[in-house]
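Please read the structure below before turning to the comments.
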Amino acid sequence: MDRGNTKQEILEASLDLFSVQGFEATSISQIAGAVGIRKASLYSHFESKQAILDALVKDVLDQYEEHSIFARANWDKFADTEDKQALTPDAAAQIIQGQIRYILHDPHISKARKMLVIEQFQNPEMAKLQTKQNYSDVMQYFTGLINYLIRQGVLREDDPEIMAAQLCLPISTWINLCDREPDREAEVMELIGKHIRQFFRLYQPEAR
């Protein structure tokens, strides 16, 4: 989010606080204090703390739809598949590792993800968003990718959904590990590379 006006600063400060201590534990006074304004000034921009949360969720969704490969992939569209027609294990590792680095290091995406982790057990809407972004869309993306690579002859035919789960769900666990222990990122990236290359070896087409 761009800084430069009070409303955006309120959103940024709120995301900082929500991602560390959660929505319920954060007060309007804390948000106002973080921005350096009075509570009355904050209420001139947002009518309630819930309104701030609603604006943050919309912003998270907008950013997600614009930047996430998991939200945008269309396996029937050449623009989304032209770099994957003869996908090698090394190229697959580079694509996936690049997206993981973005997820981990973009400050807005990183904080929003942590906010969802905290709020998923308090807020039903947050729970749905957490499931969508961190399970349903990821599984849909990788199932589509697996189906595409099977059609291209890069992978042998098997159950695409199970193959997708085998490929992507360990990566989700490693992302969570990096959130808790960021100093292990290099170790995680190496593991992800090995994991992807082994997956391709296990599912390589049988020699004829």
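Everything numeric in this text was worked out from a predicted model, so none of it was measured. For the numbers below, each heavy atom of this structure counts, side chains included, while hydrogens, waters and symmetry mates do not.
At a threshold of 4.5 Å between non-hydrogen side-chain atoms, the residues Arg113 and Ile175 count as touching. Contact annotation: the side chain of Glu9 never approaches that of Ile37 to less than 4.5 Å [non-hydrogen atoms, C-beta and beyond]. Looking at heavy atoms from C-beta onward, Asp16 lies out of side-chain contact with Val20 at the 4.5 angstrom threshold. At a threshold of 4.5 Å between non-hydrogen side-chain atoms, the residues Phe46 and Ile28 do not count as touching. Val57 has its side chain out of reach of Glu125: every pair of non-hydrogen atoms, C-beta onward, lies at least 4.5 Å apart. Two residues are said to be in side-chain contact when any heavy atoms from C-beta on lie closer than 4.5 Å; Met163 and Phe199 meet this criterion. Residues Val138 and Ile171 fail the side-chain proximity criterion, which asks for heavy atoms closer than 4.5 Å.
For Asn147, there are no side-chain hydrogen bond (donor to acceptor under 3.5 Å, both in side chains) partners two or more places apart in sequence or in a different chain. Under the side-chain contact (heavy atoms from CB on, under 4.5 Å) criterion, Leu177 pairs with Trp174, Arg180, Glu181, Arg184, Val188, not counting sequence neighbours. Not a single side-chain hydrogen bond (donor to acceptor under 3.5 Å, both in side chains) links Lys49 to another residue, sequence neighbours left out. Gln30 meets the side-chain contact (heavy atoms from CB on, under 4.5 Å) test with Leu17, Gln21, Thr26, Ser27; sequence neighbours excluded. Remark: Glu185 engages His105 in a side-chain hydrogen bond (donor to acceptor under 3.5 Å, both in side chains) (not counting sequence neighbours). Residues forming a side-chain hydrogen bond (donor to acceptor under 3.5 Å, both in side chains) with Gln50 (at least two apart in sequence, or on another chain): Asp54.
Within the 3.5 Å criterion, the main-chain N or O of Glu119 finds no donor-acceptor partner in the side chain of Gln122. A donor-acceptor distance shorter than 3.5 angstrom exists from the side chain of Ser44 to the backbone of Ser41, with no hydrogens or angles considered. Put simply, the side chain of Glu206 never gets that close to the backbone of Arg156: no donor and acceptor are under 3.5 Å apart.
Note that CD1 of Ile95 is 12.0 Å distant from CD1 of Ile100, once rounded to the nearest 0.5 Å. Separation of atoms CD1 (Ile31) and CD (Glu12) is listed at 13.0 Å; rounding is to 0.5 Å. Taking NE2 of His45 as the start and OG1 of Thr6 as the end, the distance is 4.5 Å to the nearest 0.5 Å. Ile10 contributes atom CD1, which lies 4.0 Å from atom CG of Leu42 (distance to the nearest 0.5 angstrom). In this structure, OG on Ser14 lies 11.5 Å from NZ on Lys111, to the nearest 0.5 angstrom. To the nearest 0.5 Å, atoms CD (Gln99) and CG (Leu104) are separated by 10.0 Å.
Closest approach of Gln120 and Ala127 over heavy atoms only: O-CB, 3.3 Å. The two atoms that bring Leu149 and Phe200 nearest to each other are CD1-CZ, 4.0 Å, heavy atoms only. Scanning all heavy atoms of the two residues, the minimum distance from Pro89 to Ile196 falls at O-CG2, 4.0 Å. In terms of heavy atoms, Pro205 sits closest to Gly153 at CG-O, 3.1 Å. For the residue pair Leu11 and Ala55, the shortest heavy atom distance occurs at CD2-CB, 3.7 Å. Across every non-hydrogen atom of Gly193 and Ala93, the tightest pair is CA-CB, 4.4 Å.
Clustering of Ile, Leu, Val, Met, Phe, Trp and Tyr side chains at separations under 4.5 Å places Leu169 together with Tyr135, Met139.
Hydrophobic clustering, with ILVMFWY side chains joined whenever heavy atoms are under 4.5 angstrom apart, keeps Ile118 apart from Leu15. When the side chains of ILVMFWY residues are joined at heavy-atom separations under 4.5 Å, either directly or via intervening members, Val154 and Tyr148 end up in a single hydrophobic cluster. Transitive grouping of hydrophobic side chains (ILVMFWY, heavy atoms separated by less than 4.5 Å) brings Ile96 and Leu202 into a common cluster.
Here salt bridge (charged side-chain N to carboxylate O under 4.0 Å, His left out) pairs that include residues 96-108, with residues two or more places apart or in two chains, number zero. Contacts classified as salt bridge (charged side-chain N to carboxylate O under 4.0 Å, His left out) and involving residues 192-204 (residues at least two apart or in different chains) are given here: Asp90-Arg197, Glu190-Lys194. Pairs passing the side-chain hydrogen bond (donor to acceptor under 3.5 Å, both in side chains) check and including a residue from residues 159-169, sequence neighbours excluded, read Gln166-Tyr203. Within the structure, every pair that satisfies the ring pair (Phe, Tyr, Trp, His ring centres under 6.0 Å) test and touches residues 9-36, not counting sequence neighbours, is listed here: Phe18-Phe23. Legend: salt bridge (charged side-chain N to carboxylate O under 4.0 Å, His left out) pairs involving residues 30-40, not counting sequence neighbours: none detected.
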Between Met115 and Leu53, does a side chain to side chain contact (heavy atoms under 4.5 Å, CB included) hold up when you go through it step by step? CA-CA 10 Å; Met115 178 181 71; Leu53 182 63; 4.1 Å; yes
Could you go through Gln152 and Leu87, starting from their C-alpha distance and side-chain angles, then the distance that decides it, and tell me whether this counts as side chain to side chain contact (heavy atoms under 4.5 Å, CB included)? CA-CA 9 Å; Gln152 294 295 310; Leu87 192 66; over 6 Å; no
